[in-house]
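Labels below follow one simple rule: chain letters A, B, ... track the order of the sequence lines, proteins then strands, and each chain is numbered from 1. Bear in mind the structure is a predicted one, so any value in this text is a computation, not a measurement.
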Amino acid sequence: MEIFKKSDKLSYLIHRNYHLLPVLNRFGIKLGIKDKTVEDICRERKISPGFFLAIVNTYHNEEYFPREELLSFSPLEIIRYLRKTHQYYFQYVVPKIDDLLEKLTASSHPDFKGLQMVNVFYKKYKKELTQHIDHEEERVFPYVINLVKNHKLDPKYTIRSFEQEHSDVDEKLNDLKNLIIKYISPDYDENICNDFLITLSLFEKDLEDHARIEDKIMMPMTIEIENKLGR
Amino acid sequence: MNKKIFIIHSSEIIRKGLNAILRSYFNTEIILLEKREELKSFCELTGQDIVIVYEYLDDRSSLNFQQIQQKNRVRWIAFLNEHEEPSEPLPLCKFYITPKTPAPQLQKMVSRCWDKTRKQAKTNDSEELTAREKDVLKLVALGHSNKVIAEKLFISIHTVISHRKNITEKTGIKSISGLTVYAILNNLIDTETINPEDLI
């Protein structure tokens, strides 16, 4: 498996995996990057290169776990990144899915039951996703930030008490895809439907990566801090 | 699902080398064993996603890994001490490595063993639900618990769970609301009397 290095040109990363584009945006990186390397860009934008590489490499390789880079950055950096990701979901991806589903429904026969059911299902999914993300924004992240900044344990909580399963939300997204791929009779515009499924699939991949960063990077780091403080 | 990697090789240098390569990449428990027989002490493992990298010995000794195979999802990677390709297909596994295999390739193989997308049913198994599975699905969609379903159908909870597992495998749909949509689309629920929006 390919692991990107500090000395790689950023343009090379994008050519290897264009799904990294929104990931770069979350770091505030804009295109027109000439022949700059990862190290150059990180210096310019004041990003820790270890953190940047950990994020792009876990995105690029599903099983990769950056054991060593993990020690080189702060949980606050991760939270800043995760918050950017949440913004990207709610300001761009979810409205795009809303819009495509609306267009898709409009392209089908109004009596058609299948897409109406999908609509109801999607609304429920969206509600759960929103709750899940709100929970992280309002409870989990502030807990971690407080722990890192004040070096004090909260007697009432540990990071484990906030732990929630991602799997249920992920399951629904996959179900949504399967319902359309397998069970809805295609009484709709095919090109809109393809766009819809491709957008869902990319979102699914992004969410998986997001969950991996939370579970495999943020969680263990926080537990380590708790242990150091004598939990 | 819990993941584990077993490395079985008689050479300590090779065991530790493989361990170093895999540890730098995967965040998974890695267990080093000298002999295959030692795998027996792990027979209580269940429901795990296991990759076993084992030293391939051409001694025709029986590979008795039954117990671990039955209760877990096991993938095998053979380690060939000789540099040549195997003359005949290896038992159990589709991947093999030799001392010359580059490290990234080994990491890639293990990754592929765990690739989730490959779990999507590719083969041509029948998707049709049995009459009993439809009964169970209908009650699931109406929001009943396993206990209530068992009582209504006069079957054990264990049987209900097993039906539900089969339904999910056949339809590819896991969540209750997803199954409800499926039931409505397939006319298993009468939507004249019930508002589908209340169910999903």
Side-chain angles (χ1 to χ4, degrees), chain A residues 1-4 54 57-58 60-70 112-129 165 167-185 187 201 204-205 208 211-213 215-217 219-221, chain B residues 1 3 5 20-30 49 51 102-121 127 129 141 167-189 191-192 195-200:
Chain A
M1 288 271 134
E2 183 176 33
I3 306 285
F4 297 125
N57 280 320
T58 44
H60 188 59
N61 306 282
E62 275 182 26
E63 300 289 344
Y64 178 66
F65 187 74
R67 209 173 294 273
E68 271 150 40
E69 281 95 340
L70 262 183
F112 184 51
K113 194 165 65 173
L115 281 175
Q116 286 168 27
M117 295 298 110
V118 166
N119 254 310
V120 178
F121 182 75
Y122 171 70
K123 282 203 190 90
K124 173 139 190 201
Y125 165 74
K126 195 165 113 180
K127 198 171 140 209
E128 276 173 29
L129 179 73
E165 284 292 315
S167 57
D168 195 46
V169 190
D170 303 343
E171 260 174 22
K172 284 212 169 65
L173 192 55
N174 196 47
D175 286 356
L176 185 57
K177 275 167 56 187
N178 253 342
L179 282 169
I180 295 177
I181 296 173
K182 291 172 81 176
Y183 304 114
I184 305 274
S185 28
D187 163 39
S201 301
E204 192 179 23
K205 167 151 173 41
E208 273 169 18
R212 219 162 38 231
I213 293 172
D215 300 344
K216 287 196 173 173
I217 303 183
M219 197 62 107
M221 278 177 108
Chain B
M1 203 186 251
K3 291 178 177 173
I5 300 175
I21 290 169
L22 294 172
R23 227 172 59 92
S24 70
Y25 195 89
F26 298 97
N27 181 33
T28 313
E29 191 183 348
I30 303 181
D49 230 341
V51 172
Q105 204 177 330
L106 172 61
Q107 290 161 345
K108 196 170 177 176
M109 279 179 198
V110 176
S111 264
R112 282 189 55 186
C113 288
W114 280 328
D115 192 344
K116 263 193 273 165
T117 53
R118 273 159 228 272
K119 278 190 220 152
Q120 292 275 358
E127 292 279 307
L129 298 181
I167 293 168
T168 290
E169 265 169 25
K170 284 186 181 174
T171 58
I173 296 175
K174 286 185 184 148
S175 65
I176 294 180
S177 34
L179 287 169
T180 308
V181 175
Y182 177 89
I184 295 170
L185 291 175
N186 288 282
N187 299 317
L188 295 174
I189 298 178
T191 45
E192 298 293 307
N195 179 5
E197 299 207 9
D198 296 337
L199 288 179
I200 296 169

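Once rounded to the nearest 0.5 Å, the distance linking NZ of A:Lys182 with CG of B:Leu185 reads 13.0 Å. Rounding to the nearest 0.5 Å gives a distance of 9.0 Å between CZ of A:Phe121 and CG of B:Leu179. Rounded to the nearest 0.5 Å, atoms NZ (B:Lys108) and CD (A:Glu2) are 9.5 Å apart. Here A:Glu171 contributes atom CD and B:Ile176 contributes atom CD1; the two are 9.5 Å apart, rounded to the nearest 0.5 Å.
Contact count versus chain A (heavy atoms, under 4.5 Å) is highest, among B:Pro104, B:Ser177, B:Ala103, for B:Ser177.
When heavy atoms are compared at a cutoff of 4.5 Å, B:Thr171 approaches chain A by way of both its backbone and its side chain.
Listed by first and then second residue, the side chain to side chain donor-acceptor pair (under 3.5 Å) pairs involving residues 117-129 of chain A are A:Asp98-A:Tyr122, A:Asp98-A:Lys126, A:Thr105-A:Asn119, A:Glu128-A:Lys172 (not counting sequence neighbours).
Closest approach of B:Lys170 to A:Tyr183, counting heavy atoms only: O-OH, 4.0 Å.
Annotation: side chain of B:Asn187 is in contact with side chain of A:Lys113 (closest heavy-atom distance under 4.5 Å).
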Exercise for review: Could you walk me through whether B:Tyr182 and A:Asn178 pass the side-chain contact (heavy atoms from CB on, under 4.5 Å) test, one step at a time?
Suggested key: CA-CA 10 Å; B:Tyr182 177 89; A:Asn178 253 342; over 6 Å; no
